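Structure first, commentary second.
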Amino acid sequence: MNIWDSLKDVLELKVGGITVVNIFTFIFILLLAVVIGKMVRINLRRILREKVPGATLVAIEKIAYYGIIFIGLMVALPYIGFSLSGLLVAGGILGIVIGFASQTVVSNLISGLFLMVEKPIKIGDGVNIGDVSGVVKDIRILSTTIRTYDGIYVRIPNDRVFSSNIQNYVAHVARRFEYKIGIRYSDDAEKAVKIIKSLLEEHPLILKEPAPAIFVEELGESSVNLSIRIWAPSNHWFSVKTEMLWKIKVALEKEGIEIPFPQHVIWFADESKKILKKK
Amino acid sequence: MIFLRVFGEYDLSTQLKEQDVEITIEGKGKRKSYYRKVGEEEVKKFIHAEEGKVVICPVEPVNLPKEGVAEHLLIELDKPFIIESGFKDTFYVKFPVEIGVFLVDKKDVERIDIFTKTKPKYTLYGPPENGIICKWWKSDVYSEMPEVDRLYEGIMKIEIANNYYEWMEINKVVFRAFDMKLFYNEYAYMHATLTILKKTFGETTFNKRKPKNMKGAIDIYLAKGIKKFEKKFIMELGFK
């Protein structure tokens, strides 16, 4: 009896009805699944590190790693005499139950993945999602967290984020805002435009190009209404907006141009004048 | 002793005055006080330093008035520069000077202050959706090195090459601050190149070779510990 025959005998030995070779195959497939899982995990980390937030990346890594191990287990189980048909029936029923129970979770998960691919928002962006406005603090696999401008923590499920209208205030590098200022009919509108122009020129964050636009927009009931349209870097527009309105008012008043109160000019008919005179 | 020029290397106790710029670093032992006045603007700081020197030099002119707003400098030419296809030329422009005050020892370079005498302004190169916020400056085009007020403006030599098959009109040039290499002696100096490749496409780079009798300025990005990866800037949104 040579060594191969003895090895063959050993491999064909049955332990609890399962041959040794099948036990080895089972262990080998599991080990292979672990190795492949680890390789996929490392590569995912390397590829997605710059693109996906940390917590989400960990979740994706875990899903991929345990998914591969699960597949390996499914492939390996028949070698140790475990019937998959029974497991599939049980798994099928369990799957339906879990499916019904977790359809929201899956919907959020898939929406989260789409959000990561489409990237309509990034961490740190000022956004308005549905009826929530604030700064994006985190984009996780199931939900997105926002700190509203009032400082309140809001968690929005990703399927709601995905299906809502998203306004991202900083997606573009520059944005425009507008003031409307009324001056008296007796004031020189051209002079007012000049004063405002030179004031805007002084402010470093009011962009040179696209240039601010200042023009008479409307001859209103009580005032000549000027429209002032200003472009500023998206990350700084609000501070510019809050700063400039009062400065414009002060600069105009310094030059004798005033913002009028609402007013009505009342004309009396001749008859009324006579009556008034008699009185 | 009061030094009458700002750019240079000084001891940890020093007093400088040039035009309306005053800088004083004084104090005994490790604790020093730093005082800087430019026009009406005053800055006071305390410095804890035992050894080292103070270096005052021009820095990449994109830091003020607010850091992080722009990383590019756009120079708008007062008169357009028109160049024939296949030709090369050289001209000079002026750029705004920002002055950095650094504490330098054997281990590290620490920024103490940055100031400018210029009136900063930002602009947008390209459309809002994919443009770039740049620091803006307007300059005439000079065929020879212009005279400058050294604390206000520096000189940039631009070598231009038109590799496109048509005449090209240049109204603006955009430079990446990451790529800039500044030199100084009496004035701040940079040497850039603009290569026109297509009608709305060109690249700007900087020549890093130190000119004779000039010192290399401290690189503000290296002083901050930022590694530089991207170098040349691709102007893909046109020259007008």
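By convention in this document, chain letters (A, B, ...) are assigned in the order of the sequence lines, proteins followed by strands, and residues within each chain are numbered from 1. Predicted, not measured: the structure shown is a model, and the values here were computed from it. Heavy atoms only: backbone and side chains are in, while hydrogens, waters and symmetry mates are out.
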Those residues of residues 114-124 of chain B that come under 4.5 Å of chain A on a heavy-atom basis, listed by number, are B/K119, B/P120, B/K121, B/Y122, B/T123, B/L124
Nearest-0.5 Å distance, CD of residue A/E61 to CG of residue A/N43: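 One gets 10.5 Å once the value is rounded to the nearest 0.5 Å.
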For this session: May I ask you to decide if the ring planes of B/F183 and B/Y189 are parallel, tilted or perpendicular, using 30° and 60° as cut-offs?
Result: tilted
message: Hydrogens and angles aside, do B/N207 and B/E159 bring a side-chain donor and acceptor to less than 3.5 Å of each other?
response: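 There is no such pair between these side chains.
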Item to complete: Would you please indicate if the ring centroids of B/H72 and B/F233 are separated by under 6.0 Å?
Response: yes
Query - B/W137-B/Y152 aromatic ring centre distance below 6.0 Å - result: yes
* Among the options B/A70, B/G131, B/C134, pick out the one with the most heavy-atom pairs lying under 4.5 Å from chain A. =>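 Of B/A70, B/G131, B/C134, B/G131 has the most heavy-atom pairs under 4.5 Å with chain A.
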Checklist entry - Less than 4.0 Å between a side-chain N and a carboxylate O, is that true for B/E186 and B/R5? => result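 Salt bridge present between B/R5 and B/E186.
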Non-hydrogen side-chain atoms of A/W237 and A/I230 separated by less than 4.5 Å: no
Please classify the contact of B/K66 with chain A as side chain, backbone, both or neither, using a heavy-atom distance under 4.5 Å.
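Contact with chain A is through the side chain of B/K66 alone.
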